[in-house]
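What follows is a short report on a single structure.
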Amino acid sequence: AQRLEKVGVEAYCPGRMKMRQRSDRKKKIWVLLLPSMVLVNIDEREKNKVFDVKGVVGYLHWLGQPPKVSADEVLTLKEVTEGKNLPSPS
């Protein structure tokens, strides 16, 4: 996501901090919610710009089309990963 933003592509890689137990200690690590995926907001005419970034392999496709993620869905994902608006346990 950082490399995409350096070339001017709006990108978001949802993740969260998680505590992992090591044999001798606990350690906080960053865990991706969508492994190997980065959400991008890019104009259709500039969609090949992402391939200027090392490590980008391709776009995810569903039924032959790139899936659309609404701004509201991204905002909700950000709120959940940042600990805001978490659903209350039942």
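Just so it is clear, the values below take in all heavy atoms, side chains as well, and ignore hydrogens, waters and symmetry mates.
- Hydrophobic clustering, defined by side-chain heavy atoms of Ile, Leu, Val, Met, Phe, Trp and Tyr closer than 4.5 Å, groups Val31 together with Ile29.
- Cluster partners of Trp30 are Met17, Leu32, counting Ile, Leu, Val, Met, Phe, Trp and Tyr whose side-chain heavy atoms approach within less than 4.5 Å, directly or via other members.
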Donor-acceptor pairs under 3.5 Å, side chain of residues 61-72 to any protein atom, not counting sequence neighbours: which ones?
unit_1, atom_1, unit_2, atom_2, d
His61, ND1, Tyr59, O, 3.1
Ser70, OG, Glu73, N, 3.1
Ser70, OG, Glu73, OE1, 3.3

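- Residues Val80 and Leu33 do not share a hydrophobic cluster, clusters being chains of Ile/Leu/Val/Met/Phe/Trp/Tyr side chains in contact below 4.5 Å.
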Report, one line per pair, each donor and acceptor closer than 3.5 Å where one atom sits in a side chain of residues 1-15; sequence neighbours left out.
unit_1, atom_1, unit_2, atom_2, d
Arg3, NH1, Lys54, O, 2.7
Glu10, OE1, Asn41, ND2, 3.0
Tyr12, OH, Thr81, OG1, 3.1

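- For Arg22, the side chain to side chain donor-acceptor pair (under 3.5 Å) test picks out no residue, with sequence neighbours left out.
- Linking Ile, Leu, Val, Met, Phe, Trp and Tyr residues whenever their side-chain heavy atoms come within less than 4.5 Å places Ile42 and Val38 in a single cluster.
- Note that CG of Leu77 is 6.5 Å distant from CG of Leu34, once rounded to the nearest 0.5 Å.
- Applying the 4.5 Å side-chain rule to ILVMFWY residues, one finds that Val57 remains a lone member of its cluster.
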